[in-house]
Amino acid sequence: MIDPAFYVIQFLNGLASASNLFLIACGLTIIFGVTRIVNFAHGSFYMLGAYFAFTLTATIMPALGDALGFWLAIPVAAVGVGLFAVLMELLLLRRIYRSHELFQLLATFGVVLIVQDLVPAIWGPEELFGPRAPGFTSFVVILGFRFPEYQLVLIAAGPLVLGGLWLLFNRTRWGTLVRAATQDREMVGALGVNQSVLFTGVLFLGGALAGLAGALQMPVEPANPFMDINIIAEAFVVTVIGGMGNVLGAFLAALIIAQLQAFGILVFPEITLVLPFLVMALVLVVRPWGLLGTPEPMTGHGFAGDRPLKPLGRRAQLGLAALVAVLLLLPLGLGDYTEKLVLEVFVFALFAFSLNFIMGAGGMVSFGHAAYFGLGAYGAALAVKHLDFAMEPALLAAPLAAGAGALLFGWFVVRLSGVYLAMLTLAFAQIAWSTAFQWVELTGGDNGMIGIWPSAWASDVTVYYYLSLILCGAAIAFLWRASYAPFGYTLRAGRDSPLRCDAIGINLKRHQWLGFALAGTCAGLAGGVFVFSKGNVDPGALSIPTSVDALVMVLLGGIQTLTGPLLGAAAFHLLEAYILPLTDYWRAIVGLIIVVLVIAFPQGLAGFLRERLAGEESR
Amino acid sequence: MLRRTFVIAGTALLAAAAAFQPATVKQAAAQEPVKVGELFSYARIAAFADPYRNGWQLAIGEINEAGGVMGGRQIEVISRDDGGTTADAVRVAEELVTGEGVSFLFGTFFSNIGLAVGDYAKQKKILFIAAEPLTDALTMAQGNRYTFRMRPNTYMQTKMLVEAGKNAGAKRWAIVAPNYEYGQSAAENFKKLLAEMDPEAEVVVEQYPALGKIDAGATVQAMLAANPDGVFNATFAGDQAKLVREGTLRGLFDGERPVLSLLTGEPEYLAPMGAEAPEGWIVTGYPWEQIESEQHTRFVEAYQAKYDDFPRLASLLGYALGYTVKTLLDTAGTTDTETLVDTLKGLKVETPIGPIAFRAIDNQSTMGAYVGTLAVEDGQGKMVDWYYADGADYAHSEAEVEAARPAE
Amino acid sequence: MTVLDVSGLRKAFGGLTAVDEVSFGVEAGQLFAIIGPNGAGKTTCFNMVGGQLRPDRGSVRLAGRDITGEAPRRIWRLGVGRTFQVAATFGSMTVAENVQMAFLSHHGRLRALLPSARRLYREQALAVLERVGMAGQAERQCGLLAYGDIKRVELAIALAHQPKLLLMDEPTAGMAPRERIELMALTAGIVRESGISVLFTEHDMDVVFAHADRLLVLDRGRQVATGTPAEVRDDAEVQRIYLGGAGAEAAARQIEARAGEQLPGERAEGEAR
Ligand SMILES: Nc1ncnc2c1ncn2[C@@H]1O[C@H](COP(=O)(O)OP(=O)(O)OP(=O)(O)O)[C@@H](O)[C@H]1O
Ligand SMILES: [Mg+2]
């Protein structure tokens, strides 16, 4: 029989983690609310907060004394991170406010990569143990249990910040503006407020809050270069469960997640991987705008730069024919390795193209497209390993498995819209990921499955090259055709105006659902082809980085064109493959290139090329 | 003043240039050098990767200076970042093998990557010596003829600990392990070995925090609730640090309960903890500063002279791998894969911590680990009462290997 | 024949009753106007008839069939086309494609994966566009048109499946006065020609009294008056709360102007009296 007081203590533990989660998430939600930027770099802010605090305490604690030095270092670190966020806004985001919203996401992702390499370069790769908080280094006894004093500080920090934000938003002019902007972006323009100044301020506030969260972690956890990745997904989960843009919602959500975690591990110790995403999926299915969020107006998700779909012109057709000819002849002049590399480009081109089918045409942004790529990969691998399938039927199993998964998940997904839709796709992808990760008997867990090689006739690289070209090429051609067909038009119609769709008899949800499933099926084929080129599969195929890769490819190439995702896939994959061997800092270089491309080609590579070609033709 | 600025700028430039150079160790040689491919998650886990690279570079440098291998040929190690994912790693391995034409491969850190590259090695019939991956599967259920492994696997290290803790007197054990293969299989091995060595003992609570995301307060409390009298820990790095801080304050680590902890004595993890190293824990690790054999002293001195830093376990591992490459090539006298594989099976290699051998039955090396108790001295954790547990004594038995490992 | 029969319709948003106990009927071939000041509940009425909103109480019958609370796309299938106060079209498509979408939906071809959508029902779409005077701009991108033209495209979309009933929520909002008169004249012409019924609303009293066969006046959700333009104009309460001086003048002007025209709908009304 467990002491009832134990549950009280566990509740307090939950409160302490809730505070930490809230501190990170509230900045994220404020930034999103006003600027609509999905800030991937928020985890980086958090990590920088911890490192800044480490450096500051090391320098000022000896000078000013422990207590003063420590408690001064925390807010100064927060302000420092706030300034870093301002820098990001001024140098980067400000230049692209007029491009598509997702482009800012891409830019912040570039920043994530850069910071990821910058931190170990500056502070070294090993963990840095900061000092404990002076005055809070011991424990108190509560109901017979020892409880660390510093945890009490953390428990207090969440509500204090919540209260402070409430005062800021309700008692100051600036805060009122922020609130107004969160509710209605157009209104701010009407009020004659300088939007840039408002955005800069909001980034400062959000960044400083994340920095504060990181700095306050110092007595609990050593600063380490994984803090950003480890926290960012959870921060988004909390933000979304609470309702994007709603600070109080974030507080509630943090509380729910942390308490479920604290008590969940008593019953299911293994639930740690999936719990936040499970909760997010459930909440979104029941409340499509989070707990306290407000429904987004039922406007379409069209993009300002969208144009009517034109059939390929003569020049483009010739170009396409030339490309196909080159791809067919390529193996004559290339070594095995380069063939493999190009073959992977086919796979990613299909993966990205299928994402753009629902995203560009359908207006359904997915942060979890890896789910279907991975389901295809696992479908094929499981068929080989457990059903003794040969490659040919396994390659058929891949799209089927992914299609089935997409039908199931998609049914829930299409009921949502905007960022919430995107986050639900992420939740499902994470659920699929943790299933693959944890169902060791079936999937091999995170070790994955190996020994999934092509049949003898296709084991030669060149043969498999042609097989991939045919399969991926056919699927791309099919999706391309479908984009021009009534079905593709219907998806586009749904993106432009759900209201109008409904008023001309289109069952939009059903078509979006089918579109989602079709895209998932094609992503699954890509996954299947991929497995046999690699010989193995592991949960990485279903992971967030894989989803993000697909997004980056689409955005880099240009979301508003059909050629964009293909171009983006080729550019991104080749870029990575060629930069990887050059330096340990390949992530920073890829990040920098992304940032530069975002600024130089705010419509994506294909958009830029189209503009150039159109310009030439009119001259 | 001016001169110093100039020197700093010059160093920075050189460093930058070095960073952008293809990581290829090129040595002038009269004869064709032997090309060997190396891959590791350099960017993703730099804390482990940098000392590891220092280790093998030191060894290869020494070897080439002393005249190389196979009667005067230099070794050229072509080193790559494996990207930290299996997909990238297999592509990188492919590039090394088909693009660069290396004779064989060594390296990798993560278990899934080790397995994937091992499987690629099997498919391509190329030798691969895994450096760090700990998963038992690499030499057992998923093992193959072409894949060897240097480090003692999870089973071996767990066995060393269970044996060391046998007399600690604990009967009710708590397990805390990160929620992925390494942690799960450590926990599985622990339960199995505990049952074998002490039939009266039981596991009363298990906690599996997500890697890098431990909710330490709640986890410690959940363990306390089961009132264990011993703890087996497989968390490491940041997770372990949080666990230690919370667990000490809350009385889980009260100095009375024996704690068995994997890897904690490795300088990689011990050094950053400073004075916070958990005293009294029984750990596996590498007390580099206390090993006084002649070969080891020579290694430490050479390492410190070259890098102005102390060696980590990864440095030792890299160094031992470097000499494995040499011994293998010298003994085989050819770069033909099948000969290399046959040679490496049973090959004995001298390392700073004594001779090791690659077992013919499962391709696992007999490299062992040091087992000892943690103490804090001068604000720094160190292992005391340590001894070297020879891997040969802890590796899977022949019967176990035969049962689990696919026939070659 | 009564095409649309609305009775006892009610809708509240929180504490606000936007539409309260509204009843009316629209006869075949009739142009029926709902008028009222801003926030009177006109759009809410349209949305309950069109299916965008589910009424709290009351019923909507289309040609005798109860359609209360049905989904908009079902109601559309039963022969109701509509335009919105803020035009809803497919901005990234060409004008012709917008109308083709309606045909694709009507013919159940939306799920076709292979044929080129641009080629399907193009002739038919151009014919409808011809009727609203937009054939010349068929290849332009809808999102880039002048607002008045977008409204015409919307009308064309609504007409594509030859509805029995057209719902037009402020069809001329945002247009120049000349354009308004033209568009309503055009609509009226089409209606008279094809015999469909129209439920519409307008703020421009000139437009309303020029074309409406019957009127319903709403004020803060309440049905104040219903009847022919002349009856409504003479209603004391309407004059007091709504029409005021300028409105009444416009009403008088238009009713006199129409006296000699002898339109079929009006005559039927007259005979019924
Ligand atoms: N979805 C809604 N939620 C809450 N209140 C609403 C909603 N839709 C309309 N209302 C309110 O109901 C009342 C009637 O609105 P409605 O749009 O029907 O008026 P209207 O007569 O069409 O006005 P206008 O001439 O300005 O178009 C208004 O007070 C409006 O604010
Ligand atoms: Mg209205």
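Quick note on labels: first sequence line is chain A, next is B, and so on, each numbered from 1. No hydrogens, no waters, no symmetry mates; every other heavy atom, side chains included, goes into these values.
With a 4.5 Å cut-off on non-hydrogen atoms, A:Lys534 touches chain B through its backbone and its side chain both. For A:Gln261, the part lying under 4.5 angstrom from a heavy atom of chain B is the side chain only. Neither the backbone nor the side chain of A:Phe268 has a heavy atom closer than 4.5 Å to any heavy atom of chain B. Heavy atoms of A:Glu344 lying under 4.5 Å from chain B belong exclusively to its side chain. For A:Ala262, the parts sitting under 4.5 Å from any heavy atom of chain B are the backbone and the side chain alike. Heavy-atom distances place the side chain of A:Val440, and not its backbone, under 4.5 Å from chain B. Looking at A:Thr137, only its backbone comes within 4.5 Å of chain B, counting heavy atoms on both sides. Of the two parts of A:Gln151, only the side chain, counted from C-beta on, holds a non-hydrogen atom closer than 4.5 Å to a non-hydrogen atom of chain B. Residue A:Phe145 touches chain B through its side chain alone, counting heavy-atom pairs closer than 4.5 Å. Heavy atoms of A:Pro120 lying under 4.5 Å from chain B are absent altogether. The part of A:Gln217 that comes within reach of chain B is its side chain, from C-beta onward, which places non-hydrogen atoms under 4.5 angstrom from that chain. A:Glu234 touches chain B through its side chain: at least one heavy atom from C-beta onward sits under 4.5 Å away, while N, CA, C and O do not. Using a 4.5 Å cut-off between heavy atoms, A:Ala577 contacts chain B through both its backbone and its side chain.
Panel note: side chain A:Asn230, backbone B:Lys213; no donor-acceptor pair is recorded below 3.5 Å. The backbone N or O of B:Ala43 lies less than 3.5 Å from a partner atom in the side chain of A:Arg587, making a donor-acceptor pair.
Between B:Val92 and A:Leu580 there is a side-chain heavy-atom pair separated by less than 4.5 Å. Counting heavy atoms from C-beta outward, A:Asn536 and B:Val90 have side chains that approach closer than 4.5 Å. Contact of the A:Leu582 side chain with the B:Arg80 side chain is not registered, since no non-hydrogen atoms from C-beta on lie closer than 4.5 Å. With a 4.5 Å cut-off on side-chain heavy atoms, A:Ile265 and B:Met223 do not count as touching. A:Phe129 is listed as a side-chain neighbour of B:Arg245, based on a closest heavy-atom distance under 4.5 Å.
Donor-acceptor pairing under 3.5 Å is recorded for the side chains of B:Asn112 and A:Asp538. A:Asn447 and B:Gln142 are not linked by any side-chain donor-acceptor pair at a separation below 3.5 angstrom, with hydrogens and angles left out of the test.
Distance CZ/B:Phe236 to CD/A:Glu127: 9.5 Å, rounded to 0.5 Å. One finds the CG atom of B:Leu211 at 9.5 Å from the CG atom of A:Leu273 (value rounded to the nearest 0.5 Å).
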Show, in sequence, the C-alpha distance, side-chain angles and deciding distance for A:Gln438 and B:Gln184, and conclude whether the side chain to side chain contact (heavy atoms under 4.5 Å, CB included) test is met. CA-CA 10 Å; A:Gln438 219 133 39; B:Gln184 289 152 0; 4.2 Å; yes

